[in-house]
Amino acid sequence: VQLQASGGGLVQAGGSLRLSCAASGGTFNNYILAWFRQTPGKEREFVAIINWTSGNTYTADSVKGRFTISRDIGRDTVYLRMNSLKPEDTAVYYCAAAPSLGQRPNEYRYWGQGTQVTVSS
């Protein structure tokens, strides 16, 4: 399984971005696709997850109401729509995949390369 994240960039506070994670190299029935983020010196933080088959989602409290995870099965792509961005959302965002549900990074076997999101105040 290969994951390719894209869509990061520089945006002003209050702005929006949409991250994409293109998945390939396998079948994802009942896989969990997730977004994490990490800033220097801190542990990787869970952001959101989606069940590839059912489309059920769960979002971390820190971003709930602002971030939305979704997927396009036909394009084998997971998205993270980020609205009302804040400077504290600045991080490298990673997509990840695992065969079972989890919110800890060590539960995920496959990782994308990360995409930088910078929110200016």
Side-chain angles (χ1 to χ4, degrees):
V1 174
Q2 291 82 42
L3 303 173
Q4 180 74 33
S6 62
L10 174 63
V11 63
Q12 288 187 332
S16 299
L17 281 175
R18 189 181 75 163
L19 306 183
S20 300
C21 177
S24 62
T27 59
F28 304 104
N29 287 338
N30 291 316
Y31 258 63
I32 303 299
L33 278 294
W35 288 97
F36 290 82
R37 65 186 182 184
Q38 189 170 25
T39 54
K42 293 189 177 181
E43 294 185 354
R44 201 162 288 189
E45 176 191 12
F46 163 76
V47 176
I49 53 176
I50 187 166
N51 181 298
W52 183 260
T53 301
S54 69
N56 291 337
T57 65
Y58 180 78
T59 306
D61 288 344
S62 59
V63 302
K64 194 166 292 184
R66 301 188 298 120
F67 290 12
T68 303
I69 188 171
S70 63
R71 93 288 194 227
D72 184 330
I73 293 177
R75 295 179 184 271
D76 283 342
T77 300
V78 175
Y79 301 101
L80 184 69
R81 178 67 181 183
M82 306 184 294
N83 295 328
S84 302
L85 282 161
K86 305 175 182 180
E88 52 263 43
D89 295 318
T90 295
V92 177
Y93 284 71
Y94 297 90
C95 57
S100 58
L101 186 65
Q103 295 182 31
R104 293 176 294 184
N106 62 5
E107 295 176 299
Y108 285 78
R109 183 180 307 173
Y110 306 106
W111 290 88
Q113 84 286 8
T115 184
Q116 175 71 46
V117 172
T118 303
V119 184
S120 63
S121 57

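Predicted model, so just to flag it, every value in this text is computed and none were measured. Atom set for the values below is all heavy atoms of this structure, side chains included, hydrogens, waters and symmetry mates excluded.
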Enquirer: Would you mind reporting whether I73 and W52 have side-chain heavy atoms less than 4.5 Å apart?
Expert: yes

Enquirer: Can you check whether W35 reaches I50 side chain to side chain, under 4.5 Å on heavy atoms?
Expert: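 When only atoms from C-beta onward are counted, I50 and W35 do not touch, as no gap falls below 4.5 Å.
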
Enquirer: Not counting sequence neighbours, which residues clear salt bridge (Lys or Arg N to Asp or Glu O under 4.0 Å) with K86? List them please.
Expert: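 Not a single residue meets the salt bridge (Lys or Arg N to Asp or Glu O under 4.0 Å) criterion with K86.
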
Enquirer: On a heavy-atom basis, which atom in T59 and which in F46 lie closest, and how many Å separate them?
Expert: C-CE2, 4.4 Å

Enquirer: Report yes or no: do F67 and L17 belong to one cluster of Ile/Leu/Val/Met/Phe/Trp/Tyr joined by side chain heavy-atom distances under 4.5 Å?
Expert: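 Same hydrophobic cluster.
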
Enquirer: Minimum heavy-atom separation for G26 and V1, please, with both atom names.
Expert: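 Heavy atoms of G26 and V1 come nearest at CA-CG2, 4.4 Å.
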
Enquirer: What is the distance from atom CZ of R109 to atom CG of N106, rounded to the nearest 0.5 Å?
Expert: 13.0 Å

Enquirer: Just jot down the side-chain contact (heavy atoms from CB on, under 4.5 Å) partners of R81, sequence neighbours excluded, or say none.
Expert: S16, R18, T68, N83

Enquirer: Using side-chain contact (heavy atoms from CB on, under 4.5 Å) as the criterion, list what pairs up with S121, not counting sequence neighbours.
Expert: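 S121 satisfies side-chain contact (heavy atoms from CB on, under 4.5 Å) with P87 only.
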
Enquirer: So Y79 and L33, do their side chains get closer than 4.5 Å, heavy atoms only?
Expert: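 Side-chain contact under 4.5 Å: no.
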
Enquirer: Please step through side-chain contact (heavy atoms from CB on, under 4.5 Å) for the pair M82 and D89, ending with a clear verdict.
Expert: CA-CA 9 Å; M82 306 184 294; D89 295 318; over 6 Å; no

Enquirer: Which atom names give the shortest non-hydrogen contact between L3 and A23, and what distance separates them?
Expert: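 The answer is CD2-CB, 3.7 Å.
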
Enquirer: Apply side-chain contact (heavy atoms from CB on, under 4.5 Å) to T53 and list each qualifying residue two or more places apart in sequence or on a separate chain.
Expert: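 In terms of side-chain contact (heavy atoms from CB on, under 4.5 Å), with neighbours along the sequence ignored, T53 is linked to N29, N30, N51.
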
Enquirer: Pair up each side-chain donor or acceptor in residues 94-105 with any protein partner under 3.5 Å, not counting sequence neighbours, and list the distances.
Expert:
unit_1	atom_1	unit_2	atom_2	d
R104	NH2	E107	OE2	3.3

Enquirer: Under the ring pair (Phe, Tyr, Trp, His ring centres under 6.0 Å) definition, can you give me all pairs with a residue in residues 101-121, not counting sequence neighbours?
Expert: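 Matches after skipping sequence neighbours: F36-Y108, F36-W111.
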
Enquirer: Please check this pair: side chain of Q113 against backbone of A5, looking for a donor-acceptor N/O pair closer than 3.5 Å.
Expert: yes

Enquirer: Apply side-chain contact (heavy atoms from CB on, under 4.5 Å) to S62 and E45, showing your working.
Expert: CA-CA 10 Å; S62 59; E45 176 191 12; 3.5 Å; yes

Enquirer: To check you understand the geometry: which heavy-atom pair defines the closest contact between L19 and G8, and what is its length?
Expert: CD2-N, 3.6 Å

Enquirer: Could you tell me which non-hydrogen atom of G7 sits nearest to which non-hydrogen atom of T115, and how far apart they are?
Expert: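 Heavy atoms only, the tightest pair is N-OG1, 4.0 Å.
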
Enquirer: Establish whether V63 and I69 are linked, either directly or via other cluster members, by ILVMFWY side-chain heavy-atom contacts under 4.5 Å.
Expert: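 They do share one cluster, since a chain of ILVMFWY contacts under 4.5 Å joins V63 to I69.
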
Enquirer: Less than 4.5 Å apart, any side-chain heavy atom of T90 and any of Q116?
Expert: yes

Enquirer: Hydrophobic cluster membership, with links at side-chain heavy-atom distances under 4.5 Å among I/L/V/M/F/W/Y: are Y31 and V47 in one?
Expert: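 Yes, one cluster joins them.
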
Enquirer: Given side chains that start at C-beta, do those of L80 and R37 come closer than 4.5 Å, heavy atoms only?
Expert: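 No - every pair of side-chain heavy atoms lies 4.5 Å or more apart.
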
